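These notes concern the structure reproduced below.
The structure presented is a predicted model; accordingly, all values stated were derived computationally and were not measured. Throughout, numbering of the chain's residues begins at 1 and tracks the sequence. Hydrogens, waters and symmetry mates are skipped; everything else that's a heavy atom, side chains included, is used.
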Amino acid sequence: MFEADDIREWRGHDVVDAGNRKIGSLEAVYVDTATDMPSFATVTIGLPTKRRLIFVPLTDATVGPGYLKVAWDKKLAKDSPSIDVDGELLAEDEPQIFAHYGLPYATGANGERRLGRR
């Protein structure tokens with residue numbers, strides 16, 4: 001796994017799936033608020049006039065020269081919940097993102113949100 005501070009330098013680089021198919025461009029990293037470890041990436045997809053940000057888990061992600069490779073299929077990623085490029089992820093929308101990928105979701109002990117943008 002890579003450190004959150006390092007991955008911010010990859011903003012704008014390609015995000016590819018396990019088969020090296022381009023999903024989009026890295027926009028931001030969301031960390032797990034309990035561990036401060038990278039958890040999800042937002043990836044810019046769409047046409048220049050109609051862009052959106054999708055969420056892709058960073059579990060088992062690797063970095064290469066000029067790209068970030070995720071373990072999830074391009075189609076699954078592109079069908080994931082999204083936000084506008086200038087939007088923000090609402091706390092009540094977090095469970096849907098985890099559910100889309102079949103990942104368990106739980107808030108913090110005091111109901112804190114699970115994801116924080118870096």
Side-chain angles (χ1 to χ4, degrees):
M1 182 56 81
F2 39 81
E3 297 299 320
D5 292 341
D6 298 331
I7 198 65
R8 283 187 291 191
E9 297 172 12
W10 288 83
R11 187 174 181 189
H13 283 32
D14 289 347
V15 176
V16 299
D17 71 2
N20 291 322
R21 294 177 302 233
K22 182 178 177 182
I23 298 170
S25 300
L26 180 66
E27 193 275 333
V29 171
Y30 282 73
V31 297
D32 184 316
T33 56
T35 64
D36 204 35
M37 294 297 294
S39 183
F40 278 83
T42 50
V43 179
T44 305
I45 65 168
L47 301 171
T49 57
K50 190 164 174 119
R51 294 203 182 275
R52 63 188 173 106
L53 299 174
I54 58 169
F55 291 83
V56 182
L58 291 175
T59 307
D60 297 326
T62 58
V63 292
Y67 67 86
L68 170 68
K69 183 182 284 190
V70 295
W72 306 90
D73 182 72
K74 177 180 178 175
K75 178 160 177 25
L76 179 65
K78 286 198 168 192
D79 290 341
S80 76
S82 65
I83 58 174
D84 291 334
V85 291
D86 59 351
E88 74 177 68
L89 175 62
L90 302 176
E92 59 264 20
D93 294 336
E94 288 182 354
Q96 296 167 354
I97 294 167
F98 283 78
H100 178 77
Y101 291 100
L103 299 172
Y105 177 81
T107 58
N110 296 315
E112 301 93 354
R113 66 182 307 155
R114 178 84 180 267
L115 298 174
R117 186 170 188 246
R118 282 284 166 103

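- Scanning all heavy atoms of the two residues, the minimum distance from Pro95 to Tyr105 falls at CG-CE2, 3.5 Å.
- The two atoms that bring Ser80 and Arg52 nearest to each other are O-NH1, 4.1 Å, heavy atoms only.
- Here the side chains of Asp73 and Arg21 are in contact, with some heavy-atom distance below 4.5 Å.
- Of all non-hydrogen atoms in Leu26 and Val15, the two that sit nearest each other are N-CG2, 3.6 Å.
- The distance from the CH2 atom of Trp72 to the CG atom of Leu58 is 11.0 Å, given to the nearest 0.5 Å.
- A donor-acceptor pair under 3.5 Å is formed between the side chain of Tyr101 and the backbone N or O of Phe55.
- Remark: Arg51 CZ to Thr44 OG1 distance equals 6.5 Å, nearest 0.5 Å.
- One N or O on the side chain of Thr33 and one on the backbone of Arg113 form a donor-acceptor pair closer than 3.5 Å.
- The side chain to side chain donor-acceptor pair (under 3.5 Å) test applied to Thr42 returns Glu27, not counting sequence neighbours.
- In terms of heavy-atom proximity, Ile83 sits nearest to Leu89 at CD1-N, 4.1 Å.
- Expressed to the nearest 0.5 Å, how far OG1 of Thr62 lies from CG of Leu68 amounts to 7.0 Å.
- Remark: the backbone N or O of Arg114 is paired with a side-chain donor or acceptor of Glu94 at under 3.5 angstrom.
- For Gln96, the side chain to side chain contact (heavy atoms under 4.5 Å, CB included) partners are Pro81, Asp93, not counting sequence neighbours.
- Among all heavy-atom pairs drawn from Gly24 and Ile45, the shortest one is CA-CG2, 4.2 Å.
- Here the shortest heavy-atom pairing between Ile54 and Ala77 reads CD1-O, 3.3 Å.
- Asp32 contributes a side-chain N or O that, together with a main-chain N or O of Ala34, makes up a donor-acceptor pair within less than 3.5 Å.
- At distances below 3.5 Å, at least one donor-acceptor pair connects side-chain atoms of His100 with backbone N or O atoms of Leu76.
- Side-chain N or O atoms of Lys74 include none that pairs as donor or acceptor with a backbone N or O of Val16 at under 3.5 Å.
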